[in-house]
Structures are given as C-alpha cells and as structure tokens.
J.: 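Please see the structure below; I have some questions.
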Amino acid sequence: MESPVVKAIILAVTIFMIGGVVAYSIWNYNTGTDATKAANNRLGNSITQMEEQTYAMYDNIEIKGSEVINAVKNFKEDGEAGKIGIKIVTGENVAGTWYYNSFNSSKLTAVSTDISKLHDSSSGNVYFVNPNGIFKGTLQRDTNNTIRAIIFNQK
C-alpha cells in the first residue's frame with residue numbers, strides 16, 4: 001500500500017491539473033467569444049453598408065421624375081417596415097409630400113400617402129410627378145448617422 005503522504009501528493013497534483021484544465025477552458029471560451037463578437041460586429045456593419053448603398057445612390061444626384069417614382073415603388077417594403085421615408089417636393093407642391101414615413105432629424109413616423117397619385121396628371125393633383133421633370137436627391141440621416149430619408153426636390 002501507498003503511504004498517506006503519497007496519496008495526498010497524488011490528490012494535490014490531480015486537483016492542480018484539473019484546475020489548470022478548467023482555467024484553460026474558461027480562457028479559451030472567452031477568447032472565442034470575443035472573436036465571435038468582433039466578427040458579428042464587422043458582419044453587421046457590412047450588411048448595414050450594403051443596405052444603405054441602395055439609398056446612397058440617390059445622394060446629391062439629378063434624376064428624372066420617372067426614376068423618382070420608381071424609387072418610391074422600389075422602397076415600398078423598406079418604407080412599410082419603418083426603415084425609410086421619401087419626400088417629394090415639386091413646383092406644385094412646395095411643402096412636399098412624405099411617402100411611407102416622415103422624418104424629423106431623429107425619428108421616422110409612419111404616414112399614409114397614396115402612391116397611385118404620382119401618375120395622375122389631372123388638373124389640381126399636387127402629388128403628380130412629371131416623369132420628364134428633373135429632381136435632385138438628398139439624404140437625411142439620424143443621430144446614429146443612419147440614412148432615414150431621401151428627399152427629391154424638383155429643379
């Protein structure tokens with residue numbers, strides 16, 4: 001039989017080794033978690049940039065009214081999801097009309113505007129957008145620098 005001193009040394013070494021394995025496992029887990037968080041943040045930023053590219057293409061450019069109408073139609077899903085607002089200012093409607101959401105420098109507020117009136121050229125329709133008119137697009141960002149609105153001003 002082994003002496004009690006040898007058993008105590010074996011027990012101490014075993015406990016020390018188990019503690020080392022546990023400490024290493026915890027350290028390895030934390031390192032992996034930090035790397036995963038960093039990768040998720042980079043991926044989230046990339047996705048946000050890609051989503052904003054569809055809006056950014058309208059920043060400070062001149063486009064025809066037909067493209068403005070297409071933008072309103074193309075952003076319907078994002079607008080109804082509360083991601084973007086579109087404002088169109090024409091010579092007949094100098095106050096402008098918001099589509100999907102209005103924006104006031106900090107938040108979007110849902111609005112209900114009929115986009116079918118964009119095509120209606122009948123007399124008195126201030127919502128009509130001349131397909132041949134020239135509009136300049138500008139972006140509006142919130143306090144987090146996220147694009148929240150596109151404003152099209154007729155020239």
Side-chain angles (χ1 to χ4, degrees), residues 16-155:
F16 180 73
M17 289 180 71
I18 290 172
V21 169
V22 169
Y24 176 75
S25 298
I26 291 171
W27 173 81
N28 198 23
Y29 173 78
N30 287 338
T31 303
T33 301
D34 292 342
T36 302
K37 285 180 186 176
N40 281 340
N41 286 339
R42 285 193 302 272
L43 181 61
N45 289 340
S46 295
I47 290 170
T48 300
Q49 288 174 350
M50 287 172 43
E51 285 177 346
E52 287 195 347
Q53 280 302 102
T54 59
Y55 307 139
M57 65 185 271
Y58 294 104
D59 191 25
N60 206 25
I61 65 162
E62 290 184 1
I63 60 173
K64 286 187 157 196
S66 59
E67 294 175 69
V68 171
I69 294 169
N70 285 336
V72 172
K73 290 177 182 178
N74 290 339
F75 296 136
K76 180 178 182 179
E77 187 176 313
D78 287 350
E80 290 176 347
K83 293 181 180 180
I84 191 82
I86 300 173
K87 184 177 184 180
I88 301 175
V89 179
T90 65
E92 295 291 319
N93 186 3
V94 293
T97 300
W98 285 100
Y99 294 87
Y100 308 119
N101 299 285
S102 64
F103 179 68
N104 68 357
S105 79
S106 63
K107 70 175 187 166
L108 289 168
T109 304
V111 296
S112 176
T113 310
D114 183 7
I115 66 172
S116 68
K117 293 182 180 182
L118 294 171
H119 296 286
D120 182 6
S121 62
S122 62
S123 178
N125 178 19
V126 296
Y127 304 107
F128 172 67
V129 172
N130 182 348
N132 296 316
I134 302 296
F135 291 79
K136 183 173 183 178
T138 55
L139 301 179
Q140 300 289 305
R141 297 178 182 268
D142 65 10
T143 54
N144 295 322
N145 206 28
T146 302
I147 298 171
R148 293 296 181 196
I150 305 170
I151 299 177
F152 295 106
N153 285 296
Q154 189 174 22
K155 295 200 88 170

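Remember, predicted model here, so these are calculated numbers, not experimental data.
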J.: If we only count heavy atoms from C-beta on, is the Ile84 to Phe103 side-chain gap below 4.5 Å?
T.: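 A side-chain contact is absent here, since even the closest heavy-atom pair is not under 4.5 Å.
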J.: List the atom of Val89, the atom of Phe135, and the distance in Å for their closest heavy-atom pair.
T.: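 Here Val89 and Phe135 meet closest at O-CE2, 3.7 Å.
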J.: With sequence neighbours left out, write down each residue that passes side-chain contact (heavy atoms from CB on, under 4.5 Å) with Val126, or none if nothing qualifies.
T.: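 Asn93.
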J.: Please step through side-chain hydrogen bond (donor to acceptor under 3.5 Å, both in side chains) for the pair Ser116 and Asp114, ending with a clear verdict.
T.: CA-CA 5 Å; Ser116 68; Asp114 183 7; 2.8 Å; yes
J.: Between Asp78 and Ala81, is there a donor-acceptor pair closer than 3.5 Å when you use the side chain of the first and the backbone of the second?
T.: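 Not a single qualifying donor-acceptor pair exists.
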J.: Could you tell me the separation between the CD atom of Glu52 and the CG atom of Leu139, rounded to the nearest 0.5 Å?
T.: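 CG of Leu139 is found 8.5 Å from CD of Glu52.
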J.: Nearest 0.5 Å please: distance from the NZ atom of Lys87 over to the OG1 atom of Thr138.
T.: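 Going from NZ on Lys87 over to OG1 on Thr138, the span is 9.5 Å.
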J.: Within a strict 4.5 Å, meaning less than it, do heavy atoms of the Ile88 and Leu118 side chains meet?
T.: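 The answer is yes; the side chains approach within 4.5 Å.
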J.: Would you say Asp120's side chain and Ser122's backbone share a donor-acceptor pair under 3.5 angstrom?
T.: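 Answer holds: yes.
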J.: First locate atom CG of Asn130, then atom OG of Ser121, and finally report the distance between them rounded to the nearest 0.5 Å.
T.: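 One gets 9.0 Å once the value is rounded to the nearest 0.5 Å.
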J.: Are the side chain of Asn101 and the backbone N or O of Leu108 linked by a donor-acceptor pair below 3.5 Å?
T.: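 No, Asn101 side chain to Leu108 backbone: no donor-acceptor pair under 3.5 Å.
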J.: Identify every side-chain donor-acceptor pair in residues 147-155 under 3.5 Å, counting partners at least two apart or on other chains, and give the distances.
T.:
{"unit_1": "Arg148", "atom_1": "NE", "unit_2": "Asp142", "atom_2": "OD2", "d": "3.0"}
{"unit_1": "Gln154", "atom_1": "OE1", "unit_2": "Gly91", "atom_2": "N", "d": "3.0"}
{"unit_1": "Lys155", "atom_1": "NZ", "unit_2": "Glu62", "atom_2": "OE2", "d": "2.9"}

J.: So, do Lys136 and Asn60 sit near enough that their side-chain heavy atoms are less than 4.5 Å apart?
T.: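 Side chain of Lys136 against side chain of Asn60, heavy atoms only: contact under 4.5 Å found.
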J.: Looking at Glu92, I'd like to know if its CD atom is crowded, meaning that more than 12 non-hydrogen atoms belonging to other residues, nucleotides or ligands lie closer than 6.0 Å.
T.: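 Not buried by this count: 12 neighbours or fewer within 6.0 Å.
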J.: Measure the spacing between CD1 of Ile63 and CE of Met57 and express it to the nearest 0.5 Å.
T.: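 The CE atom of Met57 is 7.5 Å from CD1 of Ile63, to the nearest 0.5 Å.
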J.: Using modelled atom types and a 3.5 Å cut-off, is there a donor and acceptor pairing between side-chain atoms of Tyr99 and backbone atoms of Lys73?
T.: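 Side chain of Tyr99 to backbone of Lys73, a donor-acceptor pair under 3.5 Å: no, none is there.
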J.: Kindly compute the distance separating OG1 (Thr143) from NZ (Lys107), expressed to the nearest 0.5 Å.
T.: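 Output value for this atom pair is 12.5 Å.
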J.: Which atom pair, heavy atoms only, marks the closest approach of Lys117 to Asn125?
T.: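 Lys117 and Asn125 have their closest heavy atoms at O-ND2, 2.9 Å.
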J.: To the nearest 0.5 Å, what is the distance between OH on Tyr127 and CD1 on Ile115?
T.: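 If we round to the nearest 0.5 Å, Tyr127:OH and Ile115:CD1 are 14.0 Å apart.
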